[in-house]
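The next block holds one structure in the form of structure tokens; read it before the comments.
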There are 2 protein chains.
Amino acid sequence: MSINTEQNMEQAILETATKLFLEKGFRSTSTTEIAREVGCNQALVHYYYRTKERLFEAIFEKKIKFFIGSLFKIDHEDIPFEKKLARKIESHFDAIKEEPKLPLFFFNEASSNPSRLQQLRDKLGELPDLVVNQMKNELEAEIKKGNIRPMTIYDLLMSIVSLNIVAFIAEPIFKTITKISDEEYLKLLKRRKKENVHIILNSLKPRFT
Amino acid sequence: MSINTEQNMEQAILETATKLFLEKGFRSTSTTEIAREVGCNQALVHYYYRTKERLFEAIFEKKIKFFIGSLFKIDHEDIPFEKKLARKIESHFDAIKEEPKLPLFFFNEASSNPSRLQQLRDKLGELPDLVVNQMKNELEAEIKKGNIRPMTIYDLLMSIVSLNIVAFIAEPIFKTITKISDEEYLKLLKRRKKENVHIILNSLKPRFT
DNA sequence: GACATATTTAATAGCTCTATTAAATAACGC
DNA sequence: GCGTTATTTAATAGAGCTATTAAATATGTC
């Protein structure tokens, strides 16, 4: 409803800022532009959020939590490891599809301002440890049983994240280099989710060389 | 004692600009900062390159050619497809290791300024078509022979690029989230090259589900 | 040395940006 | 309505940025 957008300026500023920061990053987004797009005076942005930095931090934190949550959901169901893993990969892929600009946004802000990394570490707390450990235990049990070749949890996680994010990050460049149409790219995207599951599951088998 | 003052200023400016653009991107790098780092007057940057835009374009083009060349080298040797593919993956990985900031740099500049994409397309010309087609033909021959499951060349390429670049792009974030040490990260990086080859080669086999 | 040319600098115009201040307007309790 | 508080605006200080201009300095040529 338009009541929300019209009435609550604070919220409208937050939403527009989120959109712009995700599109252009912290540095290239000005409070002037945010205000222009919202349709309010530039000083109002500072009235509600004091500084551009604080406004950004509020948004950054929210997005961090969304992203991390997508990969690290503890799954207590008693199903085979590979099935569980397949689910994790798919839910991660879906989360990125929902917010395709998030990965590049993180990489940029993290690399352009190291204080964001500290912020990230502080906000996350014990979460990653806890959930990585659960996955790690399950993985090591499978390795012990001989179902899966020896590998670290970090290798597995990195492979999953790599495969899942790049199709979204690289979309404009990939389209330009390959000259494939938007339609073809959509088809490719649709295949990726299944592809990625397949690639990861196959990679768990013992090395054949 | 800066080499800069003694030697070719034009070259010194180009090198410093390259370093800064790669680190911080076009928008966040100022000609003022370039000059400060080189140790010359800010107007000198404009004397040699007229505008910040032209200076950037010279650098961008050079880096594009390096990056594309690393993945798309035609290999005429008559060795098995999988062996050839393994070599390609490894040489691509090595190229990125040599210039680890390049992938993020491209994604950023391409997404923050679409005119860069046009520039990229113009500079590349027929190169991608030619080399993708050669790889595509070899892949399709293998599929026909039944050695490899049906898949498109774009899926294969995307999987390779995905696996190879993310360990470099995500280094700061990954270290922060996992809290692994620099030493451990180095070990992880060393494993990745072999891992990625293994993952790709295994993924060529028919789907087991 | 003197002249022409190339390199380098200081100064500045004209932007845009963030953040603040004081004043205007809206909203609300009574 | 009136006083109080919350919201919104106009104006601006102060900084940094790109690009240009004219002047100073260095370099090479004869």
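Values below: every heavy atom of this structure, side chains too, minus hydrogens, waters and symmetry copies. Within every chain, numbering begins at 1; the chains are lettered A, B, ... in the order of the sequence lines, protein sequences first and strands thereafter. Predicted, not measured: the structure shown is a model, and the values here were computed from it.
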Report task. Please name all residues satisfying side chain to side chain donor-acceptor pair (under 3.5 Å) with D78(A), sequence neighbours left out, ordered by chain then number. Result -> none
Report summary line: Expected list for residues 55-62 of chain A near DNA chain C, using heavy atoms below 4.0 Å, is none
Query raised in the report: Which ring pair (Phe, Tyr, Trp, His ring centres under 6.0 Å) pairs, counting each pair once, include a residue from residues 38-58 of chain B, with sequence neighbours left out?
Result: F21(B)-F56(B), F26(B)-F56(B), F56(B)-F60(B), F56(B)-F105(B)
Query - Partner set under side-chain contact (heavy atoms from CB on, under 4.5 Å) for R121(A), not counting sequence neighbours - result: Q118(A), T176(B), K179(B)
Requested in this report: Starting at atom CE of M9(A), determine the distance to atom C1' of dT8(D), rounded to an integer number of angstrom.
Outcome: 8 Å
Query raised in the report: What distance do M9(A) atom CE and N41(A) atom CG have between them, rounded to the nearest 0.5 Å?
Result: 10.0 Å
Report task. Only counting residues at least two apart or in another chain, list the ones meeting side chain to side chain donor-acceptor pair (under 3.5 Å) with D155(B). Result -> R191(A), R192(A), T152(B)
Report task. State the CZ-NZ distance between F106(A) and K63(A), to the nearest 0.5 angstrom. Result -> 8.0 Å
**Report entry** All salt bridge (charged side-chain N to carboxylate O under 4.0 Å, His left out) counterparts of E77(B), not counting sequence neighbours
**Finding:** R87(B)
Query raised in the report: Within the side chain of N164(A), is there an N or O that forms a donor-acceptor pair under 3.5 Å with the backbone of I89(A)?
Result: yes
**Report entry** Rounded distance in Å - CZ (R36(A)) to C1' (dT16(C))
**Finding:** 10 Å
Query raised in the report: Using a heavy-atom distance cut-off of less than 4.0 Å, which residues of residues 46-53 of chain A contact DNA chain D?
Result: Y47(A), Y48(A)
Report task. Rounded off to whole Å, could you give me the CG-to-P distance for the N41(B) and dA19(D) pair? Result -> 15 Å
Query - Test salt bridge (charged side-chain N to carboxylate O under 4.0 Å, His left out) applied to E57(A) - qualifying residues, sequence neighbours left out - result: none
Query - Positions of residues 19-34 of chain B (non-hydrogen atom under 4.0 Å from DNA chain D), listed by number - result: T29(B), S30(B), T31(B), T32(B)
Query raised in the report: What pairs with E53(A) under side chain to side chain donor-acceptor pair (under 3.5 Å), at least two apart in sequence or on another chain?
Result: R116(A)
Query raised in the report: Which pair of non-hydrogen atoms, one from F107(A) and one from I169(A), has the smallest distance, and what is that distance?
Result: CE1-CD1, 3.8 Å
Check nucleotides 25-27 of chain C for protein N or O atoms closer than 3.5 Å to its own N or O atoms and list the pairs.
none

Report summary line: Between E10(B) and N8(B) the two heavy atoms that sit nearest each other are N-OD1, 3.1 Å
Query raised in the report: Side-chain contact, heavy-atom cut-off 4.5 Å: M151(A) with I148(A)?
Result: yes
Query raised in the report: Considering only dT21(C), dA19(C), dA19(D), which nucleotide approaches the side chain of Q42(A) most closely?
Result: dA19(C)
Query raised in the report: How long is the gap from CG on L188(B) to CD on E183(B), to the nearest 0.5 Å?
Result: 13.0 Å
Query raised in the report: Tell me, for nucleotides 24-29 of chain D in 5' to 3' order, what letter each nucleotide earns: B for a base near a protein heavy atom under 4.0 Å, S for only sugar-phosphate near one, - for neither?
Result: ------
Requested in this report: Assess whether side-chain hydrogen bond (donor to acceptor under 3.5 Å, both in side chains) is satisfied between Q42(B) and T31(B), documenting all intermediate values.
Outcome: CA-CA 6 Å; Q42(B) 178 260 347; T31(B) 55; 3.3 Å; yes
